[in-house]
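The structure appears below as C-alpha cells.
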Amino acid sequence: MQKINPLSFSGLALIAVPFLAMAGAPALFPASAARGQVVYSKACTACHGENGDGNGPGAGPLNPKPRDFTSGLYKYRSTGFGELPTDEDLLQVINEGIPHSQMPPWKHTLSEQERLDVVAYIKGFSSDFKDAKPPEVLVIPETPASSPALVQEGRKVFMALQCWSCHGTEGHGDGKAASILMDNWGHPIRPVNFTWAQYKRGNDPASIYKTFTTGLNGTPMPSFAGAFLFGGDKEIDSTTKASFSALEIKQLEDYFKAQPTEAALNNMAAEKKNELEQQRKWALVHYLRSLIQKPTIQQQLFTEDMELTR
Ligand code: HEC
Ligand code: HEC
C-alpha cells in the first residue's frame, strides 16, 4: 500500500481503488473482525490510527479529530446518553460519512461485507463492547407534517430549553458558551450552525430528533430527553431576557401562559403527557429544519464532482 495523504481526494481514491470491484456487493457471511482488520488497515488507519486511538499519521491537522475508538464514546447513536451505539448506528456513519469533517462515506467504495466486518473490528478497540448487553434503542414516532404554527412553537421550545446558549439565538453556532467548549479529549469543539445546508448527521427529522434526545457522547451536546415537560409557570430568567428582543420575550410569555402548569403536568395522564412531549419535540425539529439553507452553487458543484469521482 502506498503512503497516502488522507486530506487529498487522490489519496482517498487510492484507498478506494482496491475495493471498487466489490463495492455495492451484498454481504454473504456473518461479520468477521479478522476480515475487518484487513479492511481497517487499508482504509481507516491513516486517520483513526493502527491502535484505533484516533492518532493516525493523517490525523494531525484534522478538525474535528478522527474518533478515538478505544474510548467507546460515539456521537451518533440511537441509544441513550452514555450508552454504546448499535451495529446499525456504526454502519450508518460508515456508509454516509460525516459532513463538515474529513470522515468519508464508504458505501460506494467498500462492499457491504467489508463494512460489516470493519464494524466488528472497530468494536474490539474498546473493552466496553465485550459482554455488553445490547443497549435499548430509542423508538421514534412517525414525524408529523410541518406547519407554520409548529415552527413558531419550535422557536419557543428552542428559547425555553436554552439551545441558543451554545447554538446562538439565530442558530448560527455562535452562542455565548460556544467559544469555550471542549470535547472529552480536550479539543475545542463548536456547536453546529443550524443554517448549514447539510447537517453532520443528516437533515431528516428523525436524525435531528435523535440528536437532542440522546445527546452526542464525548461532546458538550447534552441529552434533553427529560427536559421537554416544562410547566407554563416556568420563570423566564434574566439571561434569556437579555438575549432576545422584548417582542420575542413577550411571545414566549404568551406561549408559557397557554401551557399547562407544573402542577397540572404532575396530575396529567401519562398518555396526554407523552402527546405534549412529542408535540414540543417535533416543533423543535421543524423549527431547526426551517433554518436550513439551500445549498449554494459551489456546494452543488462540489457534490456533483464527488459523484463523478465515485
Ligand atoms: C480522512 C480521515 C478519515 C478516514 C480515512 C476515516 N475516518 Fe472515520 N472519522 C474521521 C473523523 C475526522 C471523524 C470524526 C468526525 C466528527 O467527530 O465530527 C471520524 C469518525 C468516525 C466514526 C465515529 C462516529 C460517531 O458516531 O462518533 C466512526 C465509526 C468512523 N469514523 C469509522 C471509520 C471507518 C470504519 C473508517 C475506515 C473504513 C474510517 N472511519 C476512515 C476521519 C476519517
Ligand atoms: C452546552 C452547549 C450546547 C447546548 C446547550 C446545546 N447544544 Fe447542540 N451541539 C453542541 C455541540 C458542541 C454539538 C456538536 C458539534 C459537533 O459534533 O461537531 C452540537 C450538535 C447538535 C446537533 C447536531 C447537528 C448535526 O450537524 O448533525 C443538533 C441537532 C443539536 N446540537 C441540537 C441542539 C438543540 C435542539 C439544543 C437545545 C434543546 C442544543 N443542541 C443545545 C452544543 C450544545
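All heavy atoms count here, side chains included; hydrogens, waters and symmetry mates do not. Atoms within a ligand are numbered from 1 in the order they appear, just like the ligands themselves. Position 1 is the first residue of the sequence, and the numbers go up from there.
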- Whether over 12 other heavy atoms sit under 6.0 Å from E50 CD: no
- Query: Which bit of L216 gets closer than 4.0 Å to ligand 2, counting heavy atoms only: side chain, backbone, both or neither?
  - Reply: side chain
- Pick whichever of W164, F194, Y76 has a heavy atom sitting closest to atom 32 (C) of ligand 2. F194
- Query: How about T240 and Q162: does a side-chain donor come under 3.5 Å of a side-chain acceptor?
  - Reply: yes
- Could you check which of K42, M103, H187 puts a non-hydrogen atom nearest to atom 30 (C) of ligand 1? M103
- Message: Quick check on P64 - does any of its heavy atoms sit under 4.0 Å from an atom of ligand 1?
- Response: yes
- Message: As an exercise, identify every atom of ligand 1 less than 4.0 angstrom from a heavy atom of F69.
- Response: 28 (C), 29 (C), 30 (C), 32 (C)
- Task: Starting from the C-alpha separation in whole Å, work towards a yes-or-no answer on side-chain contact (heavy atoms from CB on, under 4.5 Å) for Y209 and Q278.
- Result: CA-CA 10 Å; Y209 182 109; Q278 295 308 330; 2.6 Å; yes
- Query: Which option, M221, R201, R190, owns the non-hydrogen atom nearest atom 33 (C) of ligand 2?
  - Reply: M221
- For the residue pair Q259 and R280, confirm or rule out a side-chain donor-acceptor distance under 3.5 Å. yes
- What class does the angle between the rings of W164 and F244 fall in, given that below 30° is parallel, 30 to 60° is tilted and above 60° is perpendicular? perpendicular
- Query: What atoms of ligand 1 come within less than 4.0 Å of a heavy atom belonging to I94?
  - Reply: 32 (C), 35 (C)
- Among R67, K123, Q92, H48, closest by heavy atom to atom 9 (N) of ligand 1 is H48
- Message: With respect to K200, determine whether any N or O atom, backbone or side chain, lies less than 3.5 Å from an N or O atom of ligand 2.
- Response: yes
- Task: Write out the residue and atom name of the closest protein heavy atom to atom 23 (C) of ligand 2, then the distance separating them to 0.1 Å.
- Result: T211 CG2, 3.7 Å
- Task: State yes or no: are the ring centers of H48 and F69 separated by less than 6.0 Å?
- Result: yes
- Among non-hydrogen protein atoms, atom 40 (N) of ligand 2 lies closest to H167 NE2, 2.8 Å
- Message: Give the atom numbers and elements of ligand 2 that come within less than 4.0 Å of a heavy atom of S165.
- Response: 5 (C)
- Item | Shortest non-hydrogen separation from V118 to C44 and the atoms involved | CG2-SG, 4.1 Å
- Message: Between ligand 2 and A177, can you find any atom pair, the residue atom being a heavy atom, that is separated by under 4.0 Å?
- Response: no
- Looking only at non-hydrogen atoms, the one of A43, S41, A46 nearest atom 5 (C) of ligand 1 is A43
- Modelled atom types, side-chain donor and acceptor of Q251 and Q152, under 3.5 Å: no
- Got a sec: does the CD of E136 have more than 12 other heavy atoms crowding it under 6.0 Å? no
- Task: May I ask you to identify, for P99, whether its side chain, its backbone, both or neither come under 4.0 Å of ligand 2 on a heavy-atom basis?
- Result: neither
- Within a distance under 4.0 Å of any heavy atom of P220, pick out the atoms of ligand 2 and give their elements. 1 (C), 12 (C)
- Do D254 and K250 sit within salt-bridge range, that is, some charged N less than 4.0 Å from a carboxylate O? yes
- Closest heavy-atom approach to atom 41 (C) of ligand 2 among F212, W196, F224 is made by F224
- Query: Taking the side chain as C-beta and beyond, is there a heavy-atom pair between Q113 and R35 under 4.5 Å?
  - Reply: yes
- Sidechain N-carboxylate O distance under 4.0 Å for K156, E253: no
- Query: Are any of the N/O atoms in S101 less than 3.5 Å from those in ligand 1?
  - Reply: no
- So, S78 versus D89: side-chain donor-acceptor pair below 3.5 Å or not? yes
- Task: May I ask you to identify, for P85, whether its side chain, its backbone, both or neither come under 4.0 Å of ligand 1 on a heavy-atom basis?
- Result: neither
- Query: Closer than 4.0 angstrom: is that true for some heavy atom of Y40 and an atom of ligand 1?
  - Reply: no
- Classify the ring geometry between F125 and Y121 as parallel (under 30°), tilted (30 to 60°) or perpendicular (over 60°). perpendicular
- May I ask you to check whether T211 and R201 show a side-chain donor-acceptor distance below 3.5 Å? yes
- Task: Would you check if atom 8 (Fe) of ligand 1 lies under 2.8 Å from any N, O or S atom of Q102?
- Result: no
- Task: Starting from atom 17 (O) of ligand 2, find the nearest protein heavy-atom neighbour and note its residue, name and distance.
- Result: K75 NZ, 2.8 Å
- State yes or no: are the ring centers of F158 and Y287 separated by less than 6.0 Å? yes
- Judged by non-hydrogen atoms, does G58 sit under 4.0 Å from ligand 1? no
- Message: Using a 4.0 Å heavy-atom cut-off, which part of W106 comes near ligand 1: side chain, backbone, both, or neither?
- Response: side chain
- Message: Please confirm whether R115 approaches ligand 1 to less than 4.0 Å, judged on its heavy atoms.
- Response: no
- Message: Show the atoms of ligand 1 that are less than 4.0 angstrom away from any heavy atom in K65.
- Response: 12 (C), 13 (C), 14 (C)
- Task: Write out the residue and atom name of the closest protein heavy atom to atom 24 (C) of ligand 2, then the distance separating them to 0.1 Å.
- Result: V192 CG2, 3.5 Å
- Any atoms of ligand 1 less than 4.0 Å from a non-hydrogen atom of C44? List them with their elements. 34 (C), 35 (C), 36 (C), 37 (C), 38 (C), 39 (C), 41 (C)
- Do me a favour and list the nearest non-hydrogen protein atom to atom 1 (C) of ligand 2 with residue, atom name and distance? C166 SG, 2.8 Å
- Out of M221, E83, R77, which one pairs with T214 under the side chain to side chain contact (heavy atoms under 4.5 Å, CB included) rule? R77
- Task: Give the atoms of ligand 1, by number and element, whose distance to some non-hydrogen atom of I98 is under 4.0 Å.
- Result: 15 (C), 18 (O), 20 (C)
- Note on the structure: shortest atom 34 (C) of ligand 2-to-protein heavy-atom contact is with C163 SG, 3.5 Å
- Query: Would S111 and E114 count as having a side-chain donor-acceptor pair, cut-off 3.5 Å?
  - Reply: yes
